[in-house]
Amino acid sequence: MAAALVSIEEAREIVLSQCEVLAVQQVDIAEASGCVLAVDVVAPEDVPPFANSAVDGYAIIAADLETGQCELPVVAEVAAGAVTDRVLGRGEAIRIMTGAPVPVGADAVVMVENTERLDGGSSVRITATAAPGQAIRLAGDDIAAGTTVFTAGTFIRPAVAGVLASVNSRSVAVVPRARVAVLSTGDELIDDGGPLAPGQIRESNKTMLVGLVGDAGAIAVDLGVVRDDEAALEATLRRAADMCDAIVTSGGVSMGDYDVVKAVLSRIAVMHWMQIAIKPAKPFAFGLITNSAGRQIPVFGLPGNPVSSLVSFELLARPALRHIMGHAAPLMRPSVLAVADTALRRSPDGKVHYQRVHGGFAGDGRYHVSSGGPQGSHQLAATALANALAELPDGNGVVAGGDVTVYVLAF
Ligand code: AMP
Ligand code: MG
């Protein structure tokens, strides 16, 4: 008897509930981008550390300009990285560069564009008025010492890494990026560029999945194509479990006689063999392999049909990889209630369909989608150019002009 279908939500719940967040590591700031911060970060010092000029120009006393005095002797010069011990007095100016400390006595800076150099630079004519504080960036203006700049769980985008550097966090505690082994299985697959012998096809899933793993923020480890041979597959899976934090396989999880992934994983891992009520990507396997250090490594057995592999990765493996890398919900791609510009037809079959569509925001502010073309699970070319997955509940689909929930893969 065929196993009962599970819903995509149940399947995702089974997966997420068994995937543990990776152990926290202390990493150098240069490696922190792309990781999730594991601790709160408190600034030990002010940023900027001292009051400094926002422009190239002249440090002055604003009140001097109010009295109509606009020609001032230039009594010193201060560049970024330097300091001057000359205290600015009434009726004087100090030439100052962007980022240089504001001299004691000055309360404003006039930008060079509003000045004229006189007498070879020994004095200056100011051609604008100034308000106190003008063009001065105060100490702590960006971050005051003692402020919690980021809380645990923050994704370290490049600008976040920049801020960490600005508060002297040279090394940070993060949930690391996962190392994810990717392998394809199948006697028919070739990837050496040679001619196709009868019955052979060119491998495509591994190439795609390596990219998808990287796109999910993890580090792909390409373990190549493994033949439909139990011993070879077991050796590769055990090696993967020792080297990596997760494993993604493609092929061999259906009902075929040569589905060796099924045979091997049933033996060496604790598995959930699922038939999910979705199309494409009905067969899916998830389980845990205990590696030689006693650690449990999640393994995602994706179906071999290329489109199914992609959809299965998006709906199940990607959220799980993001979960183990410390990302908070939502783990899925952003979803939006879109307008279907073309009908997205389907027939009732008890499954949720994920049709590949082309989408984009239109002048009405709404996200609009149209069919991405052929929807066969072997037709990767049409899917490759689609940038969203339309979620069609069981039924007859969506008429042109109707609303449809889509997951946006790329904007
Ligand atoms: P399987 O899941 O192994 O039964 O494979 C289902 C279909 O996907 C078959 O037509 C396979 O030839 C094809 N397939 C499996 N793995 C790959 C791959 N890595 N690249 C391209 N096609 C594949
Ligand atoms: Mg196969």
Side-chain angles (χ1 to χ4, degrees), residues 2-3 5-6 8 11 180-216 220-237 240 244 246-269 271-287 299-318 351 354 356 374-386:
L5 300 185
V6 296
I8 183 66
V180 181
V182 178
L183 57 109
S184 273
T185 64
D187 280 345
E188 73 280 30
L189 306 175
I190 72 158
D191 63 353
D192 63 2
L196 295 175
Q200 290 184 331
I201 61 166
R202 303 206 186 272
E203 194 295 318
S204 57
N205 292 353
K206 182 178 60 66
T207 306
M208 171 180 73
L209 289 166
V210 162
L212 287 171
V213 164
D215 184 58
V221 178
D222 185 346
L223 294 187
V225 176
V226 185
R227 298 290 150 222
D228 287 328
D229 170 90
E230 290 199 24
L233 184 63
E234 176 169 346
T236 304
L237 287 170
C244 292
I247 302 170
V248 174
T249 69
S250 107
V253 294
S254 312
M255 307 301 233
D257 290 345
Y258 295 89
D259 286 336
V260 297
V261 177
K262 192 155 193 172
V264 172
L265 284 177
S266 300
R267 206 157 23 78
I268 69 168
M271 295 300 297
H272 295 263
W273 301 99
M274 300 181 216
Q275 298 290 318
I276 307 178
I278 59 173
K279 184 181 175 182
K282 183 173 74 148
F284 171 73
F286 170 78
V299 52
F300 304 89
L302 312 184
N305 274 309
V307 175
S308 306
S309 238
L310 174 110
V311 170
S312 198
F313 183 89
E314 284 293 340
L315 299 181
L316 294 151
R318 188 177 194 277
K351 298 179 197 159
Y354 289 90
R356 282 76 65 207
Q375 298 285 322
S377 61
H378 61 297
Q379 291 169 308
L380 187 60
T383 284
L385 294 176

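Given the structure is predicted, the values throughout are model-derived calculations rather than measurements. Numbering starts at 1 and runs along the sequence shown. For ligands, and for the atoms within them, numbers begin at 1 and follow the listed sequence.
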Subject >> Expected output: side-chain D191 to main-chain E203 donor-acceptor under 3.5 Å >> reply: no

Report all side-chain donor-acceptor pairs from residues 307-314 shorter than 3.5 Å, counting only partners two or more places apart or in another chain.
unit_1	atom_1	unit_2	atom_2	d
S309	OG	P303	O	2.8
E314	OE1	R333	NE	2.9
E314	OE2	R333	NH2	2.9

**OP:** Kindly check if the number of other-residue, nucleotide or ligand heavy atoms within 6.0 Å of NZ (K262) is above 12?
**Re:** yes

Report all N/O contacts between ligand 1 and the protein shorter than 3.5 Å as a table of atom names and distances to 0.1 Å; if there are none, say 'none'.
unit_1	atom_1	unit_2	atom_2	d
ligand 1	2 (O)	G252	N	3.4
ligand 1	2 (O)	G304	N	3.0
ligand 1	3 (O)	G252	N	2.9
ligand 1	8 (O)	G304	O	3.2
ligand 1	8 (O)	N305	N	3.2
ligand 1	12 (O)	E188	OE2	2.5
ligand 1	14 (N)	G304	O	3.2
ligand 1	19 (N)	S184	OG	3.0
ligand 1	19 (N)	E203	OE2	2.8
ligand 1	20 (N)	S204	N	3.0
ligand 1	20 (N)	N205	N	3.3

Original post:
Looking at CG of L315 and CD1 of I276, how far apart are the two atoms once the value is rounded to the nearest 0.5 Å?
Top reply: 8.0 Å

Subject >> Between CZ on residue R227 and CG on residue L189, distance to nearest 0.5 Å >> reply: 6.5 Å

Original post:
Out of L233, N205, V261, L209, which one pairs with L183 under the side-chain contact (heavy atoms from CB on, under 4.5 Å) rule?
Top reply: L233

